[in-house]
J.: 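Sharing a structure here in structure tokens format.
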Amino acid sequence: KARLQAPVAAGWTGGARRAVLGELFKSPYDGLAPALISGAPAASAFFAVKDGAKRAVAGLQLGKAETTVLAVACANVAYWGIKNPSEVLKVRRQAGVASDTAGGA
């Protein structure tokens, strides 16, 4: 998706299609390192917050489903707080806006 939003994708119609496709798949792993590096800490934060939130709301006499939904909602905030910056770097690399990860920051 990010590559289709890149400036090179503007020439998608007509004879430029082959050039756009070549550019689209030129380096499919650009920007993958930040996503991989942030994946484990983000997942760890998710489960730590989820378990902590479940323990915190245990005294509220909520049902199992309500407790889980509330805990997952809290955990998603922590997860995306860690994951979002790396996703921004990944998309910038894939769209060709930044030539390296440090430049994307």
Side-chain angles (χ1 to χ4, degrees):
K1 178 180 171 186
R3 291 174 193 260
L4 292 175
Q5 295 169 346
V8 72
W12 184 258
T13 59
R17 181 178 179 176
R18 199 172 329 183
V20 170
L21 283 175
E23 189 68 27
L24 229 115
F25 298 108
K26 187 170 125 181
S27 50
Y29 299 108
D30 274 356
L32 190 61
L36 289 175
I37 291 169
S38 70
S44 298
F46 176 87
F47 287 107
V49 171
K50 184 182 99 167
D51 292 343
K54 276 188 168 182
R55 283 193 299 274
V57 300
L60 296 179
Q61 304 297 328
L62 296 174
K64 184 176 180 179
E66 290 85 2
T67 300
T68 302
V69 167
L70 185 59
V72 168
C74 293
N76 272 325
V77 173
Y79 175 83
W80 284 108
I82 296 169
K83 193 70 174 164
N84 188 46
S86 69
E87 289 295 313
V88 170
L89 292 175
K90 180 185 81 169
V91 169
R92 286 180 181 171
R93 288 286 310 270
Q94 288 176 341
V97 175
S99 59
D100 63 352
T101 302

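In this chain, residues are counted from 1 in sequence order. Bear in mind the structure is a predicted one, so any value in this text is a computation, not a measurement. Both backbone and side-chain heavy atoms feed into the values below; hydrogens, waters and symmetry mates do not.
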J.: To the nearest 0.5 angstrom, please state how far the NZ atom of K50 sits from the CG atom of N76.
T.: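 Result: 11.0 Å between the selected atoms.
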J.: Indicate the atoms forming the closest heavy-atom contact of P85 with G81, along with that distance.
T.: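 So the minimum-distance heavy-atom pair works out to CD-O, 3.6 Å.
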J.: OH/Y79 to CZ/F47 distance, rounded to the nearest 0.5 angstrom?
T.: 10.0 Å
J.: Is there a chain of hydrophobic side chains (I, L, V, M, F, W, Y, each step under 4.5 Å between heavy atoms) that links F46 to W80?
T.: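 Linked, F46 and W80 end up in one cluster.
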J.: I need the minimum non-hydrogen distance between I82 and A45, along with the two atoms involved.
T.: CD1-CB, 3.4 Å
